[in-house]
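For reference, the structure is listed below as structure tokens.
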Amino acid sequence: MKRAKIFTSIRLKFILFFVLLILLAMQIIGVYFVRELENELTRNFKDSILNRVKLITYNLEQEFLEDRSTEGSTSLEDDIEKLLIDNKSSDIEEMRVYDKNLRVIAISDLGSRNKVGQRTTDIVVTRTFVTEEMIEKMSIDDATNERKWQLYVPFKVNDQVEGIIYIEGNIERVFKQVQVINQVFINGSLIALVFTAIVAVIVAQTITRPITDMKRQAQAMARGNYSRKVKVYGYDEIGQLAITFNNLSKKLQDEQAKTDSEKRKLSSILRYMTDGVISTDRKGRIILINEAAETMLNVTRETVVSKNIIDVLGIGDEYTFKELTEEQNSIILDYSTDLLPLIVRANFSLIQKETGIMNGLIVVLHDITEQEKIEQERREFVANVSHELRTPLTTMRSYLESLSDGAWRDKEIAPHFLKVTQNETERMIRLVNDLLVLSRMDSHDYQLRKEIINMEKFLDHVIDRFEMTKEKGVTFIRKYPKEQVYAEIDQDKITQVLDNTISNALKYSPEGGTVTIRLSVQNEELEVAISDQGVGIPKSSIHRIFDRFYRVDRARSRQVGGTGLGLAIAKEMVQAHGGKIWATSTDGKGTTVHFTLPYDRDQGDDF
Ligand code: ADP
């Protein structure tokens, strides 16, 4: 893996490219140069020998033409030998002169003088005599294994070939010289290569360093780190690339920050919204669920993620996922348990790609339990009101029918029938009045006219009214604290609360019973408790007696003239004062209705 990395690195490629380029250039130049040099040197070598040969052949002719009849003159052989020795040079190994009979006349190498006078067996000498043309030949010396250049040149005297001069050139010297030059060239090339490699390393580094930097930066960016910057080494194309890269990185960082903040916003919206949100993939598997949805469905994220939405919503029997994606309307889901009512409205919307292909589904769950409860209460209320009004009206209708059928003539029955219709009318008026009071309280269309009053005096005033009626022979007992209690209340409203509760106590009291009204104060509230010794209220009903139209015993309540709204009105009025109202009872032994009102001990200081 490491090796592969090295071989794939730009730097190495760059260095290899440079070195190979130089190598190739050197090679081409070297081959051409050395070959040309070799040709040139060989040509020079041959030219110089040929020039010399020309001179020697001329001199030979002269020697042959010279008159040697005079006494004391030197022999032709000696003169030619002298001529050869005079023309000897380093590039000529040996020179010989042959006469027409192929005998050696003279030889430049004095050590081989014994060959003078011998006939030669060299076939080229014979051929030269025959062709009368100069013959040249390259051969290798058997003894030294060196190359030599052999030249056979015929020379003429009076237009007749008189002999042949044989010259053996030391051409190996030229080749050795070329070899030396070649070696110099190779050495030079090697040095050039080393320098090229060094330069290539430096150049490659200047090019690859910013690229390596950018690679590292890109890797860091992939890991989400945008803080790094690529160093800009210059303003060439790579420098500009680095600047562009840095700009790109900055933009990406900004975009990432934006996306992150949007994500955070979205996730906090999802977290704190009261509606449940579930999103699925295109196959209906849950990919996201917020806390509200978890609570509504009583599940945890871990258990439902990647489960099918149909199963999690528990609607597998009625819907398939496809049907859900096509559902235009919301559906109502009832998750109520014995302990907790829970009704949820689910809305569905598709997540679509730009191409329109469905990518998933978003389900929004809205808790409509309260709404449903209110709706239910409204329905019940309307039914109750209708019922409460219909009962007296039907009673009245039947009595009036009887009267119009002739009962009005009966002096005994007529007044009784009229009394009943009058009672029923009054009950209806009471009912309508009570409904109006409640409606006003509901719409907050009222103002509390609060004033500071002495509670004992206030209670006495109300109780006195009841006491005076002497109804059922009930005795009223008042229990007040020792100190005077002052409170800031709306007298009319609290009078109504007392009227409703005391009249209830009276209604449900046995003949000659007692009704106790107790006033007590705690730290910041006062409590009024109205106790009777009546029928009491069963435990199962005690928390419902403050509901509108609720009656423990419908028939008896109606008998005693109740509307079923008295305690509901009392509750509204106490709550309007910021107090609480509740009842305690022992079935069959009596009931106590308690209510509290805010109390400020210092309020009575001014009185
Ligand atoms: P109603 O007009 O029927 O009395 P209320 O709202 O005043 O209506 O009371 C609701 C119901 O509570 C009554 O119908 C009655 O059944 C029960 N109730 C109220 N006060 C008493 C009480 N002191 N003793 C027994 N039952 C009571």
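Computed over heavy atoms, backbone and side chain alike; hydrogens, waters and symmetry mates excluded. Counting begins at 1 with the first residue of the sequence. Just follow the structure's listing: the first ligand is 1, and inside any ligand the first atom is 1.
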Q) Do T475 and V515 have side-chain heavy atoms sitting under 4.5 Å apart? A) no
Q) Any non-hydrogen atom of D532 lying under 4.0 Å from ligand 1? A) yes
(Q) With a heavy-atom distance limit of 4.0 Å, tell me whether Y550 approaches ligand 1 through its side chain, its backbone, both, or neither. (A) backbone
Q) Is it the side chain, the backbone, both or neither of T591 that has a heavy atom closer than 4.0 Å to ligand 1? A) side chain
**Q.** ligand 1 to G564 polar contact by distance, N or O atoms, under 3.5 Å
**A.** yes
Q.
Test of understanding: given a 4.0 Å heavy-atom threshold, classify the contact between V593 and ligand 1 as side chain, backbone, both, or neither.
A. neither
Q: Before signing off on this row, confirm whether R551 and ligand 1 have an N or O atom pair separated by under 3.5 Å.
A: no
**Q.** Candidate list E388, E572, E377, E380, test salt bridge (Lys or Arg N to Asp or Glu O under 4.0 Å), partner R548, passing option
**A.** E572
Q | Numbering as shown, the atoms of ligand 1 that approach L567 to under 4.0 Å (heavy-atom distance) | A | 5 (P), 6 (O), 7 (O), 9 (O), 19 (C)
Q: State, with a plain yes or no, whether a side-chain heavy atom of I569 is found less than 4.5 Å away from one of N500.
A: yes
Q. With a cut-off of 4.0 Å, which atoms of ligand 1 are near a heavy atom of G536?
A. 25 (C)
Q: Anything under 30° is parallel, anything over 60° is perpendicular, the rest tilted; go ahead and classify Y399 against F417.
A: perpendicular
Q. So which of T421, V420, N423 actually passes side-chain contact (heavy atoms from CB on, under 4.5 Å) with M396?
A. T421
**Q.** Electrostatic pair R379-E375, nearest N-O below 4.0 angstrom
**A.** yes
**Q.** side chain to side chain donor-acceptor pair (under 3.5 Å) between T563 and D434, worked out
**A.** CA-CA 8 Å; T563 58; D434 283 355; 3.0 Å; yes
Q: Indicate, as side chain, backbone, both or neither, the part of I545 found under 4.0 angstrom from ligand 1 when only non-hydrogen atoms are considered.
A: both
